Participant: 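Before we start, here is the structure in question, set down as structure tokens.
As the structure lists them, so they are numbered: ligands from 1, and atoms in each ligand from 1. Just so you know, these numbers come straight off a predicted model, no measurement behind them.
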Amino acid sequence: VRIARITARTASVPTEAPLLWALGRHDRALRVIYELETDEGLTGVGESYYEPESQRLTQVAAEALAGLDVLATGALQHRIDALGGGYETIVPAGMRAGIEMACLDAAGRALGVPVSTLLGGAVRAEVECAAYLFHRGEREQATPERLVARAEELAERHGFRVLKIKGGVHPLEDDVRTVRLLADRYPEARLRLDPNAAWPLGEALRGVDLLQANGIRLEYLEDPTGGLEAMAELRRRSPYALATNMCVVAFEHLAPAVRAEAVDVVLADPHYWGGFRANQRMIAVCDAFGLGVGMHSDNDLGISTAAKLHLAAAAPSLTYAIDSHHLEHVDDLIEEPLELREGRFVVPSGPGLGVELDREALARYEVAM
Ligand code: MG
């Protein structure tokens, strides 16, 4: 089964409400959908975050990949690596990931097996997911109490046992108060706080003291401060485990992070690490150095979420609940919604990614970029 054609289309799906974070707000998922056609007329789909020039660069990649076996994901990366005038490929990691995703979706369909099988086999049928708690709406009205009300809404409907709080929107005292309120309301829940590096090191040290003074236990503190040096210093002086999807986001960051003992948990992501295979290599490095592995979310829609579930299902050491924006968007681009029960996603069991692209929805949300 060989690659014949690959196309890229950009879709913009609004969020139910503006989602606030340290650096601004999100009001939509802006995603690129990759569609692959094989020489036998089979199709595969992939999804990744928006990147400029995705249509043109996808055509450049498609020309280089034409005729390649859809299972040859190593050769795929190798061919893409060679695209460019300098040392680096002109096809960015997220785009490589979206194309590889479409390849393995098509391969799974051709073989009648789920992508998780192609990744070595699922070790779990369900993947635990954290409730992603954003301050929503206008900043002035986004109080700790309203965030707790959102947690109640999500926990009641979906039974989440892990709560991830997006901090860094308000002063750190407010973040600490939010976490304290949630800890009181859900004493059994595992809590995470992610201020997206909004705190300079001194402020992060103060934040850690304040969290401790309030008797708060956290599963981990995610990117409280920016950069490996500050994270390492904070980690030496903090009782909290540190996670990151900001200072360890590429292979060249792994060795310095290990040497500096900067983090406890690294977040996988099928997109920016460069695809499924790249994530498996990254996870193997984390395993070797005793680092925990979780999974990041970035306004992922359903195809990406399905991809995350296959990757997580086939990664034995990925034991932290994954992050997901799944409940934040007004609509999705897949025909059947993913199943989420008691805080766990059911890993799709159909061939390939196990989800179908909703072409009408894609046409509805497509934007010219
Ligand atoms: Mg994060």
Participant: Hey, do the aromatic rings of Tyr132 and His326 have their centres closer than 6.0 Å?
Facilitator: no
Participant: Is there a side-chain contact between Phe276 and Leu104 (heavy atoms, below 4.5 Å)?
Facilitator: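 Sidechains of Leu104 and Phe276: in contact.
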Participant: With 2.8 Å as the limit, jot down which protein N, O or S atoms are around the Mg ion (ligand 1).
Facilitator: Asp194 OD2, Glu222 OE2, Asn245 OD1
Participant: Can you list the other members of the hydrophobic cluster that holds Met369, where links are side-chain heavy atoms under 4.5 angstrom apart?
Facilitator: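 Listed partners: Val1, Ile3, Ile6, Leu30, Val32, Tyr34, Leu36, Leu42, Tyr50, Leu57, Val60, Leu65, Leu68, Val70, Leu76, Ile80, Leu83, Ile90, Val91, Met95, Ile99, Val367.
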Participant: Identify all side-chain donor-acceptor contacts of residues 247-262 below 3.5 Å with residues at least two apart in sequence or on another chain.
Facilitator:
from, atom 1, to, atom 2, distance (Å)
His253, ND1, Val249, N, 3.0
His253, ND1, Ala250, N, 3.2

Participant: Give me the other members of the hydrophobic cluster that Val169 sits in, counting Ile, Leu, Val, Met, Phe, Trp and Tyr linked by side-chain heavy atoms under 4.5 Å, directly or via other members.
Facilitator: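 Reading the cluster by chain and number, Val169 sits alongside Leu20.
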Participant: Looking only at side chains, do His26 and Thr15 share a donor and an acceptor under 3.5 Å apart?
Facilitator: no
